[in-house]
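Worksheet: one structure, shown below.
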There are 4 protein chains.
Amino acid sequence: MSETTLTISARRARPRPGQECTRHHVLETVYDLISEHGIEGLSMRQVADAAGLSTGTINYHFGNKQSLVIAALESAYELPSDWEQYCGSPSAQLRRLVFGYVCRSPRDRFWRFWINYLAASTRNDELSAHQRTRYERQERFWARLIRDAVKVEEFKKSLDPQHEAEQLLSLAHGLVVRQLVLPYAEVRAEARALLGARIDSFRE
Amino acid sequence: MSETTLTISARRARPRPGQECTRHHVLETVYDLISEHGIEGLSMRQVADAAGLSTGTINYHFGNKQSLVIAALESAYELPSDWEQYCGSPSAQLRRLVFGYVCRSPRDRFWRFWINYLAASTRNDELSAHQRTRYERQERFWARLIRDAVKVEEFKKSLDPQHEAEQLLSLAHGLVVRQLVLPYAEVRAEARALLGARIDSFRE
Amino acid sequence: MSETTLTISARRARPRPGQECTRHHVLETVYDLISEHGIEGLSMRQVADAAGLSTGTINYHFGNKQSLVIAALESAYELPSDWEQYCGSPSAQLRRLVFGYVCRSPRDRFWRFWINYLAASTRNDELSAHQRTRYERQERFWARLIRDAVKVEEFKKSLDPQHEAEQLLSLAHGLVVRQLVLPYAEVRAEARALLGARIDSFRE
Amino acid sequence: MSETTLTISARRARPRPGQECTRHHVLETVYDLISEHGIEGLSMRQVADAAGLSTGTINYHFGNKQSLVIAALESAYELPSDWEQYCGSPSAQLRRLVFGYVCRSPRDRFWRFWINYLAASTRNDELSAHQRTRYERQERFWARLIRDAVKVEEFKKSLDPQHEAEQLLSLAHGLVVRQLVLPYAEVRAEARALLGARIDSFRE
DNA sequence: AATGAATGAGACTTCATTCAT
DNA sequence: CATGAATGAAGTCTCATTCAT
């Protein structure tokens, strides 16, 4: 509404991609940036620059920084792309999910993102609620897989699915902490071994 | 809080009579504020107000925010004050330490502080080194306690102290995550039970 | 909303069949929104959403915000719809008009709109001119009604119509201010009583 | 905390005036700017530039824009500097206050400020509360002056002080509206005459 | 005729840091 | 030793406006 903006005309000529595509592209960027700089270290300008957009566009699509971060979290938790190939066996599915808790590199993108999100969620109710929901959903899902595995006799009958899921998830998270603190290949290998051994102990 | 600036060390290393007291008081305040608002959520004005000093004074004593935060992190880790009373029994000592991983309230000061420290350490080499040292020292200490407990026959001989310490520590950290995500009394009770059961399983 | 840009007039003056309806609908919306949020508190997105159109469409029809606001201000002043039924008696007509200065609710749409218009007009020549014209027309009209009422002997002969109209209008506006500052039912009732009493004092 | 700010050193060398002096200086500036551009037309940058300070300093002293505006309102309502000379006579005091409602120029600073504040207050509870308080205090004060004037027999006994104060204040505000809409010297003279006549009518 | 994604300037505000006192 | 007013960069977010579709 100021005089200056009235006389200056837009100079942009870049073609626009589809809307959903833009959102997805931005979320990828955010996910990367958070794992690199943390949540409060993430600035909207940074996101805009990295995504090749303007800050206005980012806010146009996501409303505000918090929603952007939450959207990034949501999109980060998705079933692995190779999920279908495990569909036949609940125990294989469980193993696939649990091995997701093994870092893939000393600076694993996802788990660095996660630890930052977790820290932020201790002082933000909305983030916290999302985190809680995810956690509980994960636990229930693992419990169901264990139950199913028991049914098809992949796991032994004596297991308490809920209880085992809880312990397994806790161990997995504890090992994530360990891998973040000790970012060495051998620690990651150890984590994988420990988790594998735990799942194996579910078999007869 | 970027990595580059963290290498700047505090300017003054020559404590004077009245100074040390002021410094300690400020650090206590900072610890509290970090566990409440996170590291980047900590402002110098906040610190000054909470400590009943002026921003100028804070900077006079610590040079800058970086040094202040580092100093606070350093001073945050101390052995529990009731440590002596457990000195006779290694297993009692271990139990005492492990139960330190049970949150004392839905917003436990120490563990909220810890998660913020951990997140920050993923993008700061100096913090990361501190964290790693702490972690390894803790693990070695627990392993030694287990070894001692085996020696005095509180724990069974078949244990691999190093291996058990590692798993126990991972479980403990995983349960801390669980308690932070699910800040309910029952979850804390469960964590305590699980850790207790694990230690009990070390006995014959 | 700076004076300089206000001189820009709407680009399109050639209404087409379906267009006029859209324009009218939008202007109604704008009037509502201004009385609620003020002129600078009005955003194009808000207008678009409230009117069920897109921002592009609003700008397509009105060129820019300035023109939109001006158009809304223009269309806001209309004679009351029940005007005809008072046509017989000048004093009844006057009473009808004067009672229009009594707010109908604590957040009367029209008078909230008016105060925003008035404030804006103090720093915009075009609005100011409109406002002045309206004011003078109103005063002349009231004076004429008083004169007519004197003629048909509803009011006493000794009145100076011009002078009385001026004072009555001033009192009415002063009471509007009062009602805006003190948005209570009793203040509105008092205003009505005061205005009624003043008109009654015109009778023999 | 970023690297850039750490290396760039302050370049300022301007001496600092006393704190209360700074506040007062800023408020004068704000008052001027609001009467010129309205409340939403007032930007913190503008204030800072006009006052020869930085935006940070403005916020340091006033916290935020709203508090700044309110502070400006409060400081705008102060007893006239020549108040003492009227102290002997309540009616002279009243006359002095009432004539404050006559604009001193076609673009009277105070009343332009006031109308903007009034408009803004219709959509902001805090502004509104301040406005209401001021209004009621003013009315009570005028009523008291009238009552005192009756006591010392400057005004006739038959007056209802509360009622007359209310009407006088409304008339005064109505005339302010008139003067803002019709910014002519003769209208201001007329307003003065009308208000004077009304006060004169209080005498025996 | 209509859309809505994209823009970029500019708004308010916060904050680590400095320095005259 | 201690203060706190002042700074100015950077943060988030809003918004009128444009233009390819």
Side-chain angles (χ1 to χ4, degrees), chain A residues 1-2 4-6 8-19 22-23 40 42-48 53-66 68, chain B residues 1 5 16 18-19 22 40 42-48 53-61 63-66 68, chain C residues 1 5 16 18-19 22 40 42-48 53-61 63-66 68, chain D residues 1-2 4-6 8-19 22-23 40 42-48 53-66 68:
Chain A
M1 175 69 68
S2 73
T4 54
T5 54
L6 263 181
I8 294 175
S9 59
R11 273 179 285 260
R12 174 185 37 74
R14 200 153 47 71
R16 283 160 227 180
Q19 49 187 310
T22 300
R23 277 182 64 98
E40 6 266 331
L42 175 82
S43 87
M44 298 301 273
R45 188 84 60 102
Q46 221 176 90
V47 174
L53 296 167
S54 71
T55 61
T57 303
I58 307 299
N59 273 291
Y60 172 76
H61 282 288
F62 296 92
N64 58 33
K65 182 178 171 179
Q66 173 146 311
L68 176 62
Chain B
M1 185 59 67
T5 54
R16 293 181 205 165
Q19 250 183 352
T22 301
E40 13 270 322
L42 177 83
S43 88
M44 298 299 273
R45 186 98 83 108
Q46 225 174 46
V47 174
L53 296 168
S54 71
T55 59
T57 304
I58 306 295
N59 271 291
Y60 176 78
H61 279 288
N64 58 29
K65 184 177 170 182
Q66 295 296 350
L68 174 62
Chain C
M1 186 57 66
T5 54
R16 292 180 207 164
Q19 251 184 352
T22 301
E40 13 269 321
L42 176 82
S43 87
M44 298 299 274
R45 186 98 84 108
Q46 227 174 45
V47 175
L53 296 168
S54 72
T55 59
T57 304
I58 306 296
N59 271 291
Y60 175 78
H61 279 288
N64 58 29
K65 182 178 171 181
Q66 293 297 349
L68 174 62
Chain D
M1 175 70 69
S2 72
T4 53
T5 54
L6 263 181
I8 294 174
S9 60
R11 274 178 284 260
R12 174 185 36 74
R14 199 154 45 73
R16 284 160 225 181
Q19 48 186 312
T22 301
R23 277 182 63 97
E40 5 267 332
L42 176 84
S43 86
M44 298 300 273
R45 186 86 59 100
Q46 221 175 88
V47 174
L53 296 168
S54 71
T55 60
T57 304
I58 308 298
N59 273 289
Y60 172 77
H61 281 289
F62 296 92
N64 57 34
K65 183 177 172 181
Q66 172 144 311
L68 176 62

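Per chain, numbering begins at 1; letters A, B, ... match sequence-line order.
For H61(B), a side-chain nitrogen or oxygen approaches OP1 or OP2 of dA2(F) to under 4.0 Å. OP1 or OP2 of dC12(E) has not a single side-chain nitrogen or oxygen of T55(D) nearer than 4.0 Å. When the side-chain nitrogen and oxygen atoms of T22(A) are compared with OP1 and OP2 of dA6(E), one or more of them lie within a distance under 4.0 Å. S54(D) has no side-chain polar atom (N or O) that falls below the 4.0 Å cut-off from OP1 or OP2 of dA6(F).
If you take CG of N59(B) and P of dT18(E), they are 7 Å apart, rounded to a whole angstrom. In this structure, F62(D) atom CZ and dT13(E) atom C1' are separated by 16 Å, rounded to whole Å. Rounded to whole Å, the distance from CD on E40(A) to P on dT13(E) is 21 Å. Between the CZ atom of R45(A) and the P atom of dG11(F) there is a distance of 7 Å, rounded to whole Å. For M44(B) and dT18(E), the CE to P distance is 10 Å, given to the nearest whole Å. Atom P of nucleotide dA11(E) and atom CG of N64(A) are separated by 22 Å, given to the nearest angstrom. Across the protein-nucleic acid pair, Q46(A) atom CD and dC13(F) atom P stand 14 Å apart, rounded to whole Å. Between the CG atom of L68(D) and the C1' atom of dT13(E) there is a distance of 13 Å, rounded to whole Å.
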Could you write out DNA chain F as a dot-bracket string, with dots for unpaired bases, | for bases paired across to another strand, and Watson-Crick or G-U pairs counted at under 3.5 Å?
.||||||||||||||||||||

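Nearest heavy-atom pair across T55(C) and A48(C) is N-CB, 3.5 Å. When all heavy atoms are compared, the tightest approach of E40(B) to E40(A) is CG-CG, 2.6 Å. Closest of all the heavy-atom pairs between N64(D) and N59(D) is CA-OD1, 3.5 Å.
To the nearest 0.5 angstrom, S54(D) atom OG is 10.5 Å from R45(D) atom CZ. Residue Y60(C) holds its OH atom at 13.0 Å from CG of L53(C), rounded to the nearest 0.5 Å. Taken to the nearest 0.5 Å, the CE atom of M44(B) stands 8.0 Å off from the NZ atom of K65(B).
When each of G56(B) and I58(C) is assigned the nucleotide of DNA chain E bearing its nearest heavy atom, the one mapping closer to the 5' terminus is I58(C). DNA chain E is contacted by both S43(D) and S43(B); S43(D) maps to the nucleotide lying nearer its 5′ end (nearest heavy atom per residue).
When the nucleotides dT3(F), dT17(E), dA2(E) are ranked by their closest atom to the side chain of T57(C), dA2(E) comes out on top.
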